[in-house]
Protein chains: 2
Amino acid sequence: MSSKAIGEDTLPTSKPLAVLVEPSVSEAENVAREAISHHRTLLVVGKCSVDYAGRAKSKLEPGERIVIVKADGSLLVHRSIGYEPVNWMPGGNVIFHVQCREYTLDIRAIRQKPSESVRVSFESIQLISALSLVDVAEFSLYASEEDMQKAVLLKPELLEEGFKLISWEKKVEPGFIDVYGVDKDGRLVVVEIKRKTAGKDSALQLAKYIEAIKSKADREVRGILASPNIAKDVQRLLVTFGLEFKRLDPRKCAEILRRAENKKLAEYFDENPS
Amino acid sequence: MSSKAIGEDTLPTSKPLAVLVEPSVSEAENVAREAISHHRTLLVVGKCSVDYAGRAKSKLEPGERIVIVKADGSLLVHRSIGYEPVNWMPGGNVIFHVQCREYTLDIRAIRQKPSESVRVSFESIQLISALSLVDVAEFSLYASEEDMQKAVLLKPELLEEGFKLISWEKKVEPGFIDVYGVDKDGRLVVVEIKRKTAGKDSALQLAKYIEAIKSKADREVRGILASPNIAKDVQRLLVTFGLEFKRLDPRKCAEILRRAENKKLAEYFDENPS
DNA sequence: ATATGCATGTCGCAC
DNA sequence: GTGCGACGTGCATAT
């Protein structure tokens with residue numbers, strides 16, 4: 001989970017490779033050409049028009065915007081309002097052409113599959129900068145295991161249609177069962193929840209719980225391993241023990257909790273401690 | 001369709017309100033606070049970490065990124081690669097807090113509905129700029145009427161299920177029928193295509209075509225007005241003449257043409273000139 | 001390679 | 001306000 005790059009703390013923050021305020025288009029051309037050819041990040045603020053042709057066609061009359069060209073070839077044109085770029089090009093196999101015409105600086109981005117192109121034509125530039133952004137940090141989007149359990153308790157149908165909750169954190173011989181219930185056919189179900197990719201230990205743990213329940217209830221008991229994913233070799237284990245896997249998306253769980261309004265939920269769980 | 005703002009050509013391009021290269025966090029704080037409170041555009045490049053909590057949760061460890069805060073309250077955090085922002089806040093009812101802590105500049109964006117917040121914490125800043133972007137230009141995304149007709153000819157089901165093409169640009173007394181065919185029940189159908197919002201003239205023209213066909217064929221004839229939209233008062237006219245409206249999205253049409261590969265399509269139409 | 005489903009989707013439009 | 005569909009959706013995953 002550690003995501004610090006080696007030397008990240010010891011290296012000083014990068015300086016901009018270039019910053020020009022109100023340059024001429026030809027001065028800006030050099031910066032733009034260098035930045036794009038060396039796969040740096042290019043940042044341009046200026047008055048420009050934009051034409052797009054490909055999956056559709058579009059025309060944007062002159063106005064002052066922020067344009068970003070990234071190292072991977074993605075291009076963004078942002079107006080003064082709006083979350084979304086008004087024009088763009090997703091990164092990938094994108095070819096750029098930087099050209100200084102009479103009084104304009106043109107940046108063209110072209111890609112195949114789908115075939116489309118964007119041309120940004122600057123008639124004046126307020127600010128241009130070439131940047132060498134150092135960013136190797138990890139981005140993590142998550143819900144905690146507790147969050148995922150709460151989501152399942154709130155919406156048991158996340159596991160399967162017709163699942164009815166009996167209890168949670170149920171004490172059995174080997175430990176605590178995350179979620180316990182019955183399926184639509186009346187069979188007992190033991191659920192083991194894992195926040196991330198489930199390993200062998202999860203399957204083994206689940207198998208033990210099931211044995212514990214079976215020995216007491218003397219009924220058919222299903223076991224469901226609910227996690228975002230399972231390790232490859234766990235699949236065999238599931239088959240061996242007759243267990244099932246249910247993919248559970250932590251982001252989806254997080255969204256469900258949001259919708260249920262965490263505050264009220266917390267009260268509910270405080271008042272009903274398993 | 002003209003979209004030039006009054007005075008747009010006579011006013012000089014805006015100058016950046018502020019541009020600071022490698023400022024201290026406290027210097028940057030002033031710029032950020034001013035820009036946000038006056039609903040300007042704020043542009044920051046620097047080493048930052050980002051935390052998001054709301055519909056989901058996310059954590060982004062320190063790295064150098066581009067951060068934009070727009071006049072409408074939208075916030076974007078862009079890494080060195082990728083079309084999409086790694087973190088963001090859509091514009092609208094967003095409240096910002098700018099705070100200079102010991103050695104960091106924090107920018108927090110908070111909104112309700114859905115309840116979520118993003119905090120960007122800068123530990124160093126390469127470049128910060130407050131901008132007053134003048135941009136009143138119109139953005140138009142379109143397919144030509146010819147494109148829309150080609151799309152309908154390629155995919156008649158755009159009009160309705162079971163529509164069979166008979167001909168196009170068919171000559172009748174008052175002029176040319178855009179598209180002519182039969183519906184799934186064998187009734188004749190006359191289609192009038194408009195690239196933009198259809199006015200009364202479109203409905204009247206369509207009605208004339210239908211009369212012309214009826215007088216010759218002596219069969220039931222349906223009339224469909226296909227366009228992105230119809231003017232409010234046209235609705236009454238449609239009812240009066242027993243005409244129908246079918247919404248036709250020019251962007252969708254443009255995409256259909258793309259998929260059909262324009263080149264081959266052009267050949268086809270050249271070889272089959274109505 | 002294409003087909004399918006999800007997204008912190010966002011956004012616009014009808015009800 | 002709320003729900004529904006479209007998007008130059010983008011993007012990942014499964015086939």
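Just so it is clear, the structure is predicted and the values come from calculations on it, not from any experiment. Heavy atoms only: backbone and side chains are in, while hydrogens, waters and symmetry mates are out.
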Validation row: [X], [Y] side chains within 4.5 angstrom (heavy atoms):
| X | Y | result |
| --- | --- | --- |
| B/H38 | B/R40 | yes |
| B/V50 | A/F139 | no |
| B/P90 | B/R111 | yes |
| B/K70 | B/L76 | yes |

Does A/N93 CG have over 12 foreign heavy atoms under 6.0 Å away?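 Counting other residues, nucleotides and ligands, CG of A/N93 stays at 12 neighbours or fewer.
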Expressed in angstrom and rounded to an integer, what is the separation of [X] atom [atom1] from [N] atom [atom2]?
| X | N | atom1 | atom2 | answer |
| --- | --- | --- | --- | --- |
| B/I81 | D/dC11 | CD1 | C1' | 13 Å |
| A/L248 | C/dG5 | CG | C1' | 16 Å |
| B/E116 | C/dT10 | CD | P | 7 Å |
| B/D72 | C/dG12 | CG | P | 11 Å |
| A/L76 | D/dT9 | CG | P | 17 Å |
| B/N93 | C/dT10 | CG | P | 14 Å |
| B/L141 | C/dC11 | CG | P | 16 Å |

One pair to check against side-chain contact (heavy atoms from CB on, under 4.5 Å): B/Q149 and B/V179. What are the steps and the verdict? CA-CA 8 Å; B/Q149 183 176 6; B/V179 174; 4.2 Å; yes
Quick check on C/dG9: is either OP1 or OP2 less than 4.0 Å from any side-chain nitrogen or oxygen of B/W88?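 The answer is no; no side-chain N or O of B/W88 sits under 4.0 Å from OP1 or OP2.
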Report yes if a side-chain nitrogen or oxygen of B/R55 is closer than 4.0 Å to either non-bridging phosphate oxygen (OP1 or OP2) of C/dG9; otherwise report no.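 Yes, within the criterion.
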If I pick the [atom1] atom on [M] and the same atom on [N], what distance separates them, to the nearest angstrom?
| N | M | atom1 | value |
| --- | --- | --- | --- |
| D/dC11 | D/dC7 | C1' | 14 Å |
| D/dG5 | D/dT9 | C1' | 13 Å |
| D/dA6 | D/dG10 | C1' | 14 Å |
| C/dT8 | C/dT4 | P | 23 Å |

Output all residues satisfying salt bridge (Lys or Arg N to Asp or Glu O under 4.0 Å) with B/K200, sequence neighbours left out; order by chain, then residue number.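 Here the qualifying residues are B/D233.
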With sugar-phosphate meaning primed atoms plus P, OP1 and OP2, does B/F139 contact a base, only sugar-phosphate, or nothing at under 4.0 Å between heavy atoms?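 B/F139: no heavy atom of the nucleic acid under 4.0 Å.
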Each nucleotide N or O in nucleotides 13-15 of chain D that has a protein N or O under 3.5 Å away: list the pair and distance.
none

Would you say B/E64's side chain and A/V134's backbone share a donor-acceptor pair under 3.5 angstrom?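 Checked: pair present.
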Can you tell me if B/R65 uses its side chain to pair, donor with acceptor, with the backbone of B/C48 under 3.5 Å?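 Yes; judged by distance alone, with no hydrogens or angles, the pair exists.
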By nearest heavy atom, map B/N87 and A/G82 onto DNA chain C; which one lands nearer the 5' end?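 The residue whose closest nucleotide sits nearer the 5' end is B/N87.
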When the nearest nucleotide of DNA chain C is assigned to B/S58 and to B/G91 on a heavy-atom basis, which residue is associated with the more 5' position?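 By nearest-heavy-atom nucleotide position, the 5'-most residue is B/S58.
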Any stems for DNA chain D, made of 3 or more Watson-Crick or G-U pairs in a row, each with both distances under 3.5 Å?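 Stem list for DNA chain D: C:1-7 with D:9-15, C:9-15 with D:1-7.
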Has the side chain of B/E84 got a donor or acceptor atom sitting under 3.5 Å from an opposite partner on the base of D/dG10?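 Result: no qualifying N/O pair found.
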Nearest-nucleotide 5' precedence on DNA chain D, B/K113 against B/Y83: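 Nearest-nucleotide comparison on DNA chain D picks B/K113.
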Passing candidate, side-chain contact (heavy atoms from CB on, under 4.5 Å) with A/V152, options A/L165, A/V191, A/D178, A/L159: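 Looking at A/L165, A/V191, A/D178, A/L159, the match for A/V152 under the side-chain contact (heavy atoms from CB on, under 4.5 Å) is A/L159.
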